Amino acid sequence: MKLSKRLTQIEQLVAPGYTHIWDCCCDHGHLGAALLARHSDAQVHFVDIVPSLITELESRLQQHYADLAERWTTHCLDVALLPLEQYSGRQLVIIAGVGGDLIKQFVSIIQQTHIGLTLDFLLCPVHHQFALRQTLIELNLSLKDEALIEENHRFYEIMLVSSESDPGRPISPVGETIWQANSNEQRDVIQRYLQTTLEHYQRMQQGDTADVSHIIEAYRSVID
Ligand SMILES: C[S@@+](CC[C@H](N)C(=O)[O-])C[C@H]1O[C@@H](n2cnc3c(N)ncnc32)[C@H](O)[C@@H]1O
């Protein structure tokens, strides 16, 4: 199964060395299956809340990955209830393809219920990137890597963050390296993402329901 551009980028941000990788909100499990093939040291956990998806996925994994059966597990489970404390070694929790508001809740609950456990999170929200970043900052997480991609006329930020006590960089409220282009094509993606984002918050500001002037200022500052 060929991965989409977005899932490929997420997969490429997974460094070697994790003992457990959690593909949360896995749906058909495409990302987890790619990780299973590439990360031969890792146990891959497929997590989704919909029973029929997990039943179907379980039989597809049994069909195609029977030889790796000791390295994958399916869980029909709410992401908020991940049993991370039952596992040891380095753990990566991937949450992609759901709203930033939901990811905020998941990461907050996981952090609260697993105090003392070192976790990395690889996150790719649909919308609400600013609010998600605010929560990650409040949770004292640090940035390991981030990326911006465009797929099917939609923009996606991907953030690799960590609860490690010897951290990487602070998380920026609007992103940092996502605004640095290494090609003309990426420069174009960045410009259009910035314009779309600014227009979104300017419309919100004009709607007079919330004061988002600080968000507009923060995004304007990335081009200063
Ligand atoms: C659009 S799919 C995302 C698939 C894949 N992660 C991606 O990025 O393409 C969203 C999935 O999230 C699952 N989901 C929604 N809320 C969930 C929760 N609380 N716990 C576990 N899975 C959940 C849905 O059942 C659905 O399969």
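In listed order, ligands and their atoms are each counted from 1. Everything numeric here is computed off the predicted structure, so don't read it as measured data.
Taking atom 27 (O) of ligand 1 as the reference point, the nearest protein heavy-atom neighbour is D48 OD2, 2.7 Å. Annotation: atom 2 (S) of ligand 1 to nearest protein heavy atom, D27 OD2, 3.6 Å. For atom 19 (N) of ligand 1, the nearest non-hydrogen atom of the protein is D78 OD1, 3.1 Å. Protein heavy atom closest to atom 20 (N) of ligand 1, with residue, atom name and distance, is V79 N, 3.0 Å. Nearest to atom 17 (C) of ligand 1 among the protein's heavy atoms is I49 CG2, 3.7 Å. Atom 9 (O) of ligand 1 has R6 NH2, 2.7 Å as its closest protein atom, hydrogens excluded (heavy atom only). Nearest protein neighbour of atom 14 (N) of ligand 1, counting heavy atoms only, is C25 SG, 3.8 Å. Closest to atom 1 (C) of ligand 1, if we only count protein heavy atoms, is G97 O, 3.5 Å.
Counted by atom type alone, Q205 and D211 present one or more donor-acceptor pairs between their side chains at under 3.5 Å. For the 3.5 Å distance criterion, the side chains of E199 and Q195 qualify, holding a donor opposite an acceptor. With hydrogens and angles left out, the side-chain atoms of S142 and E164 include no donor and acceptor closer than 3.5 Å. A side-chain donor from one of E146 and T177 sits under 3.5 Å from a side-chain acceptor of the other.
Here the rule is side-chain hydrogen bond (donor to acceptor under 3.5 Å, both in side chains) with E150, and of R192, R6, K5 only R192 fits it.
Evaluation of the ring-ring contact (aromatic ring centres under 6.0 Å, His included) rule for Y65 yields no partner, not counting sequence neighbours.
The side chain of L53, and not its backbone, has at least one atom closer than 4.0 Å to an atom of ligand 1 (non-hydrogen atoms only; side chain from C-beta on).
The shortest N/O to N/O separation between V47 and ligand 1 does not fall below 3.5 Å.
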